[in-house]
Amino acid sequence: MYRTHTCGCLRAEDVNKTVTLAGWVQKVRNLGAMTFIDLRDRYGITQIVVEEHSSEETKATAAQLGREYVIQVIGNVLERSAKNSKMVTGDIEVAATTIRILNQAQTPPFTIEEVSDGGDDLRMKYRYLDLRRPPLQRAMILRHKMAQAIRTFLDKEGFLEIETPYLIGSTPEGARDFVVPSRMNPNQFYALPQSPQTLKQLLMVAGYDKYFQIVRCFRDEDLRADRQPEFTQIDCEMSFVEQEDILEVFERWAKHMFHTVLGMELTEPFLRMTWAEAMERYGSDKPDLRFGMEFSDVTALAQGHGFSVFDDAEYVTGFAATGCATYTRKQIDALTEFVKRPQVGAKGLIWIRMEEGGTKSSIDKFYTPEEVRAMAERCGAKTGDMVFILCGKKFKALTQLCALRLEVAEQLGLRDPKKFAPMWVIDFPMFEWDEETQRFYAMHHPFTSPKLEDAQYMESDPGRVRANAYDFVCNGTEIGGGSIRIHDAKLQAQIFKALGFTPEKAQAQFGFLMNAFKFGAPPHGGLAFGFDRLCSLFGGADSIRDYIAFPKNNNGRDVMLDAPSLIDQTQLDELCLQLVKPAEK
RNA sequence: GGUGCGCUAGUUCAGUCGGUUAGAAUACGUGCCUGUCACGCACGGGGUCAGGGGUUCGAGUCCCCUGCGCACCGCCA
């Protein structure tokens with residue numbers, strides 16, 4: 001037996017017990033006649049002591065130990081003469097009678113402690129060492145607990161966890177696919193699923209009316225702090241349901257998660273906001289509702305006073321930054337620079353300072369003090385606030401102001417990771433116009449059903465058609481989304497037509513689904529949550545990488561495995577593949 | 001595809017206006033030390049200043065190219 005206890009479990013009541021521990025040497029403190037060893041496993045740290053009167057052999061072994069040596073210690077639990085209140089095991093120590101080196105270790109490239117001295121890149125290369133650190137262990141444990149909580153809830157609700165294949169066919173719509181060449185079918189490729197969307201719909205046709213899966217999905221797009229090429233979805237689908245049924249189940253599910261994982265009781269119903277409202281009030285389809293600073297339309301008040309910047313704009317919108325009247329010229333200039341950065345793209349920033357005696361603004365030459373005050377008050381500004389106004393094309397101005405709102409909130413410390421503001425955004429538009437390719441794309445995906453009352457605009461004004469689609473949003477992040485699907489082959493064909501598919505192309509790519517719909521498809525719908533994002537939300541981190549055991553770096557590389565990499569010529573030959581120099585691409 | 005920031009000891013970083021032998025902390029090694037827990041003290045080893053090119057009497061420092069990393073925009077139905 002390698003151990004009788006873990007390194008985190010011994011307490012004062014265990015004094016006088018003879019125990020065997022095994023773990024990694026975190027640190028050795030040699031004081032001459034006596035040596036202290038911090039022994040670590042994933043349960044904690046226990047101090048081992050080697051004393052003057054210990055056997056010569058034990059002392060000799062202790063002298064050989066280095067960081068991260070794997071050792072086994074047999075010894076007696078003692079009450080410490082000098083207790084350490086910072087450690088849960090700080091009242092005791094284990095006096096070693098025998099130390100056995102189970103494995104030696106090279107000096108690690110960074111310190112494996114609560115706070116490491118290593119940089120991101122290095123820690124990623126030696127991820128298995130970084131994972132020994134308590135913060136990473138807490139992240140892995142959180143993820144495990146969440147997965148358990150998900151399964152417990154959905155199982156109780158009657159959902160079945162059914163696996164779907166990873167090797168499926170490619171569909172060029174949407175994100176780029178990762179493809180896998182087929183040896184047995186030369187020149188043909190599988191694709192890894194971007195999501196099991198069509199497969200779960202087929203499960204509905206098959207009669208499994210409540211399905212879920214915690215499933216890996218793959219998208220060959222550029223990475224971000226919250227985007228990995230392979231990520232995990234909590235994928236759910238239900239039959240014989242309307243939007244309301246789905247929102248009801250998954251609102252209870254979300255509350256269950258907050259309760260079990262964070263111990264938070266959310267009793268109020270989640271706020272619901274239409275997409276149009278979210279855009280006008282927050283300039284985003286995923287508003288951060290942890291704080292106010294809502295937008296107001298001041299177009300009517302701003303125009304017609306000879307200020308051409310506003311007069312020439314389609315839309316003028318602003319918000320009151322709470323308590324920011326004290327901002328200095330330098331701070332305002334910095335925010336102006338912020339909105340003028342190419343990533344935001346505004347031309348300039350108008351401000352109104354709400355002081356005790358009156359207003360002061362960057363547009364005082366063009367408006368009377370009453371007119372300025374009217375605009376500020378329309379934005380809900382009070383004395384002590386600073387109003388920021390942007391103008392331009394409606395949705396451009398709104399999204400630019402959204403970037404500013406989040407920046408100001410960040411500076412004011414309002415984006416508190418311990419606070420949660422969950423909500424539903426509903427009534428998304430069905431289609432999104434793409435300037436580049438001059439065609440409509442499905443905003444959610446092409447299996448989403450349109451709202452019945454908007455179906456009349458399908459041909460004449462597709463941009464006006466709303467979908468039965470909804471997102472679960474928390475703290476400015478899209479955590480999940482879904483829709484009521486189309487279950488009618490004819491309607492599905494009509495949507496493909498609106499998206500510019502020829503009947504032949506639609507048949508070639510999605511024939512399997514439309515054919516299935518001819519065999520008695522039930523009304524159905526569902527949604528999927530980003531599991532990694534949910535973990536980082538609950539864990540209070542910005543990056544999902546901390547919650548993935550072996551993540552990819554910014555360039556989609558696994559620096560630990562050094563993947564992707566070249567393959568043998570034999571493998572290439574078997575797959576009928578030929579390499580091309582990058583320059584010839 | 002694009003923008004910004006970064007790359008100096010095992011690690012995290014400093015390095016002034018371009019000027020002698022590139023520093024600190026930590027880690028590592030050796031010695032001393034009986035209550036440490038960020039142990040302490042002393043000594044020691046450790047550098048392709050990311051790579052290449054250029055400017056200059058002289059480049060870690062200035063310029064150009066390439067690579068790598070991080071964040072973001074595009075992209076992510």
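Letters go in sequence order (proteins before strands), and every chain restarts at 1. These values consider heavy atoms only, across backbone and side chains, with no hydrogens, waters or symmetry-generated copies.
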Exercise. Does one side chain, of S449(A) or N468(A), offer a donor that lies under 3.5 Å from an acceptor on the other?
Worked result: yes

Exercise. How is F110(A) classified with respect to the nucleic acid when contacts are heavy atoms under 4.0 Å: base, sugar-phosphate, or nothing?
Worked result: nothing

Exercise. Looking for any heavy atom pair under 4.0 Å, which part of the strands does R224(A) touch: base, sugar-phosphate only, or nothing?
Worked result: base

Exercise. Using a cut-off of 4.0 Å on non-hydrogen atoms, how would the nucleic acid contact of R545(A) be classed: base, sugar-phosphate, or nothing?
Worked result: sugar-phosphate

For this session: Between U34(B), C72(B), C37(B), spot the one nearest the side chain of A225(A), thanks.
Result: C72(B)

Exercise. At under 4.0 Å between heavy atoms, what does L499(A) touch on the DNA or RNA strands: base, sugar-phosphate, or nothing?
Worked result: nothing

Exercise. How would you label the contact of T107(A) with the nucleic acid (heavy atoms, under 4.0 Å): base, sugar-phosphate, or nothing?
Worked result: sugar-phosphate

For this session: Pick base, sugar-phosphate or nothing for K125(A), based on heavy-atom distances below 4.0 Å to the nucleic acid.
Result: nothing

For this session: May I ask you to say whether E93(A) pairs ionically with K83(A), meaning some side-chain N is under 4.0 Å from a carboxylate O?
Result: no

Exercise. Using a cut-off of 4.0 Å on non-hydrogen atoms, how would the nucleic acid contact of A175(A) be classed: base, sugar-phosphate, or nothing?
Worked result: sugar-phosphate

For this session: Quick one: label Q106(A) by what it contacts on the DNA or RNA (base, sugar-phosphate, nothing), any heavy atom closer than 4.0 Å.
Result: nothing

For this session: Select base, sugar-phosphate, or nothing to describe what G119(A) touches, counting heavy atoms under 4.0 Å on all strands.
Result: sugar-phosphate

Exercise. Are W424(A) and F472(A) an aromatic pair by the rule of ring centers under 6.0 Å?
Worked result: yes

Exercise. Hey, does E51(A) reach any base, or is it just sugar-phosphate, or nothing, if we go heavy atoms under 4.0 Å?
Worked result: base

Show the atom names and distances, to 0.1 Å, of all donor-acceptor pairs under 3.5 Å that link a side chain in residues 487-501 of chain A to residues at least two apart or in another chain.
| residue | atom | partner | partner atom | Å |
| --- | --- | --- | --- | --- |
| D488(A) | OD2 | K490(A) | N | 3.2 |
| D488(A) | OD2 | L491(A) | N | 2.7 |
| Q492(A) | NE2 | P446(A) | O | 2.8 |

Exercise. Counting any heavy atom closer than 4.0 Å, what does N553(A) reach on the DNA or RNA strands: base, sugar-phosphate only, or nothing?
Worked result: sugar-phosphate

Exercise. Within the pair R80(A) and C37(B), is there a side-chain N or O less than 4.0 Å away from OP1 or OP2?
Worked result: no

Exercise. Just checking P342(A): base, sugar-phosphate only, or nothing, at a heavy-atom cut-off of under 4.0 Å?
Worked result: nothing

